[in-house]
Amino acid sequence: MSSTTLDPSRRGAHAGTGGAPAGGMSGTSTGPGPSFFRVLNSEFIKFRTLLSTLILLGCTVLVVVGFGALSAWGTGQFAEAAATDPQAAAAFAAQGGDLAVGVPTSGIAFAQLILGSLGVLLMSSEFTTGMARSTFAAVPKRIPAYAAKLLVVMVTAFVLTAASVYLAGLMALPILDNYNLNLDLASPQSVKMLLVNSLYVAAVAAIGMALGSLIRNSAGGIMSLVGLFFVAPIAFQLIPGDFFVEARKYLPGNTVEPMTAVQHVPDTLEAWQAAMVLGAWVVIPVVLAAVLLKKRDV
Amino acid sequence: MIEARGLTKVYGDKTAVAGVNFTVEAGRVTGFLGPNGAGKSTTMRMIMGLDRPTSGTVTVNGSPFARHAAPLRDVGALLDAKAVHTSRSAYNHLLAMAATHSIPKKRVHDVIEMTGLADVAKKKVGGFSLGMGQRLGIAAALLGDPQTVILDEPVNGLDPEGVVWVRNLVKYLASEGRTVFLSSHLMSEMAVTADHLIVIGRGRIIADAPIQDIITGKGQIRTRVRTDQPDRLMHLLAGDGVSVELQENELLEVTGLDPRRIARAALDSHVMIYELTPLQASLEEAYMELTKDEVEYHSLITTGAAAPVQSGGN
């Protein structure tokens with residue numbers, strides 16, 4: 001039986017009882033409602049049918065791969081200088097060994113900016129375009145739509161970052177090889193760098209989405225994100241006082257280094273502490289945004 | 001069936017909807033008439049669970065919209081032309097909406113055909129005219145083949161052919177036994193589309209009656225009567241549903257009784273009357289009174305741009 005036509009013959013039975021009280025018609029649904037899987041499918045359709053989203057994803061790949069290649073070249077130049085210049089040699093001896101392994105993730109700062117902004121836009125554009133009224137009329141419980149959107153953007157950010165970092169590594173290999181530098185993409189440290197950075201970018205995308213949901217304005221959401229990840233670290237460094245030195249460690253953007261360090265660097269968080277801090281930076285805004293989304297008018 | 005009980009919405013210090021009660025029955029077109037800013041859209045958003053009532057309740061088929069197991073299959077709404085991401089195509093918009101309820105692609109194509117969007121379905125909604133946006137909104141409302149259809153100002157921006165199309169569509173939907181609730185600020189449009197009319201002004205229900213009663217002014221009939229025995233006539237006319245008001249020395253205003261019966265009562269009791277003037281349906285006057293307060297709107301009327309509003313007027 002087709003429940004999805006406007007065929008008069010099907011509704012014919014109703015026509016006769018048109019004037020009858022509608023009480024008997026309650027629970028008129030004759031088909032499935034919005035399960036989480038269906039809402040997820042809907043959000044994925046919405047995600048992939050916006051050209052601007054696809055452009056931002058393409059930009060992320062280009063930027064991460066491009067910076068990987070540039071960084072490989074720069075590292076090679078550094079190594080070359082170290083061979084002739086004793087000053088450079090001392091500097092290279094101090095940190096050169098770690099440089100190659102950091103090459104594939106050298107574009108992460110930009111990936112987080114792009115995918116974090118994407119997180120903001122996916123949610124804020126719902127409100128700026130009026131789409132939210134359609135979305136939340138279809139899913140009036142609201143939270144499933146929010147959770148589905150969050151899942152789509154976080155999984156995309158993770159997969160795309162991981163793929164881009166790996167691709168950046170592949171691009172960097174021949175360049176580094178040219179300077180006789182070694183990079184093993186399958187080494188535990190390389191894998192750790194790839195996974196932690198990808199998770200980190202997924203976390204930034206989630207924070208972006210929470211900001212977009214809270215602020216409901218694209219420019220405001222992106223500015224808040226930039227403020228948190230780019231302005232605050234610099235401002236905290238410039239403001240004198242022990243408090244800001246300490247507080248700086250707890251900014252979300254400063255949690256990646258402790259998590260990927262080969263050994264603990266003094267005066268930074270332990271890896272597990274950094275993971276907890278980043279987790280809190282994700283969970284608090286995401287939950288706050290969910291609570292307010294449920295409560296506020298659309 | 002839609003039922004609102006004590007439905008109230010307050011924004012800051014402004015009361016948009018002030019404790020309204022009404023019932024929208026199935027099987028007929030119920031018009032929701034009121035000037036811009038009267039609270040129509042707010043009421044409709046509250047029905048759809050998008051705005052939370054400050055107090056009171058509104059239910060569709062006995063339960064709040066958000067509690068329905070398959071909301072789109074029960075209630076379809078056009079709340080706003082272009083409640084759509086402007087960079088997405090009409091087809092993809094409908095496809096994403098349909099996916100939430102596993103509505104098949106065929107149905108998406110069907111509503112696109114039905115609303116005449118086939119030629120533009122793959123184009124970005126941002127480039128749509130207001131009329132095309134309305135058609136897309138109506139397509140989205142019909143997507144789940146819902147028992148209840150809510151349309152906020154559906155004819156805004158439509159060309160004359162589109163206006164007739166919406167008129168026929170809503171009548172057809174109602175003839176199938178569906179609940180159809182549509183708003184407009186145009187009395188003339190309501191007169192030809194609705195079976196029943198709920199009139200709202202400043203957040204309050206002014207009238208809730210069959211359209212025929214409202215057009216003929218039944219129950220609202222006012223008649224001006226001049227007589228040299230006002231007290232005697234007042235006594236004669238008194239009865240259920242009739243109110244008689246002494247306005248001047250020998251001038252009465254009678255509400256709820258048609259002129260023929262006033263004349264008959266006067267003749268039977270040998271009371272002389274020397275004026276018997278039927279007055280215009282008070283509802284329309286009240287409605288015009290409401291719209292007159294909106295300065296912008298008023299200036300439109302004086303330039304004649306909104307002439308249809310006055311078509312049934314005085």
Side-chain angles (χ1 to χ4, degrees), chain A residues 2-6 8 10-23 25-35 38-53 125-126 128-142 144-145 295-298, chain B residues 1 25-28 45 48-52 60-63 65-75 77 79-80 82-89 92-93 95-104 106-107 110-111 114 140 142-148 172-179:
Chain A
S2 164
S3 61
T4 55
T5 53
L6 254 178
R10 190 190 137 244
R11 290 280 178 173
H14 282 311
T17 58
M25 292 185 198
S26 65
T28 48
S29 329
T30 49
S35 68
R38 294 190 194 104
V39 175
L40 188 62
N41 183 24
S42 169
E43 287 300 332
F44 185 65
I45 293 172
K46 281 157 73 175
F47 183 81
R48 68 175 168 78
T49 53
L50 281 183
L51 186 61
S52 53
T53 303
S125 68
E126 288 263 339
T128 54
T129 61
M131 180 68 200
R133 282 188 285 279
S134 295
T135 301
F136 297 123
V139 189
K141 295 198 193 311
R142 300 186 191 175
K295 232 173 117 177
R296 283 160 82 182
D297 292 344
V298 174
Chain B
M1 185 167 72
E25 300 279 1
R28 67 187 189 196
R45 282 201 305 273
M48 296 303 290
L50 294 171
D51 280 15
R52 206 167 288 272
V60 182
N61 295 339
S63 61
F65 178 71
R67 297 239 185 93
H68 284 238
L72 280 193
R73 294 180 189 274
D74 290 343
V75 190
L79 291 179
D80 215 329
K82 296 189 180 178
V84 178
H85 198 299
T86 40
S87 304
R88 198 174 281 125
S89 75
N92 284 329
H93 171 71
L95 196 65
M97 291 295 98
T100 59
H101 285 58
S102 281
I103 294 167
K106 184 183 176 302
R107 177 64 184 172
D110 285 352
V111 294
M114 205 186 300
L142 298 177
L143 199 56
D145 194 21
Q147 168 64 27
T148 303
Y172 171 65
L173 292 171
S175 76
E176 292 180 300
R178 297 176 207 249
T179 305

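Each chain gets a letter, A, B and so on, in the order its sequence line appears, and its residues count up from 1.
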Among A/Val39, A/Thr49, A/Asn41, which residue forms the greatest number of heavy-atom pairs with chain B at distances under 4.5 Å?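 Going by pairs under 4.5 Å, I would pick A/Thr49.
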Looking only at heavy atoms and a cut-off of under 4.5 Å, which of A/Arg142, A/Arg296, A/Arg48 has the most pairs with chain B?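 Ranked by heavy-atom pairs under 4.5 Å with chain B, first place is A/Arg142.
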Which atoms of A/Lys141 are under 4.5 Å from chain B, going by heavy atoms: the side chain, the backbone, both sets, or neither?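 A/Lys141 touches chain B through side-chain heavy atoms alone.
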Let me know if A/Ser35 has heavy atoms under 4.5 Å from chain B in its side chain, its backbone, both or neither.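 A/Ser35 touches chain B through backbone heavy atoms alone.
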Does any non-hydrogen side-chain atom of A/Pro140 lie less than 4.5 Å from one of B/Met48?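 No. Closest side-chain heavy atoms not under 4.5 Å.
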Going by heavy atoms in the side chains, are B/His101 and A/Pro34 under 4.5 Å from each other?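 B/His101 vs A/Pro34: side chains touch.
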Under the side chain to side chain donor-acceptor pair (under 3.5 Å) rule, collect the residues that match up with B/Asp51, sequence neighbours excluded.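 B/Tyr11, B/Arg45.
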Among A/Leu51, A/Leu50, A/Thr129, the one residue meeting side chain to side chain contact (heavy atoms under 4.5 Å, CB included) with B/Ser87: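 With B/Ser87 as partner, A/Leu51, A/Leu50, A/Thr129 yield a single side chain to side chain contact (heavy atoms under 4.5 Å, CB included), made by A/Leu50.
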Side chain / backbone / both / neither for B/Asn92 at chain A, heavy atoms under 4.5 Å: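 Contact with chain A is through both the backbone and side chain of B/Asn92.
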Return the minimal non-hydrogen interatomic distance between B/His85 and A/Met131, and the atom names on each side.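 Nearest heavy atoms, B/His85 then A/Met131: N-SD, 3.5 Å.
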Any idea which of B/Val84, B/Thr86, B/Val75 has the most non-hydrogen atom pairs under 4.5 angstrom with chain A?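 Most heavy-atom pairs under 4.5 Å with chain A: B/Val84.
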Let's test your reading of the structure: which of B/Gly49, B/Ser102, B/Ala140 forms the most heavy-atom pairs below 4.5 Å with chain A?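 Winner by heavy-atom pair count: B/Ser102.
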Check: A/Lys295 main-chain N/O paired with B/Arg52 side-chain donor or acceptor under 3.5 Å: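 Yes, the answer is positive, given that a donor and an acceptor are paired below the 3.5 Å cut-off.
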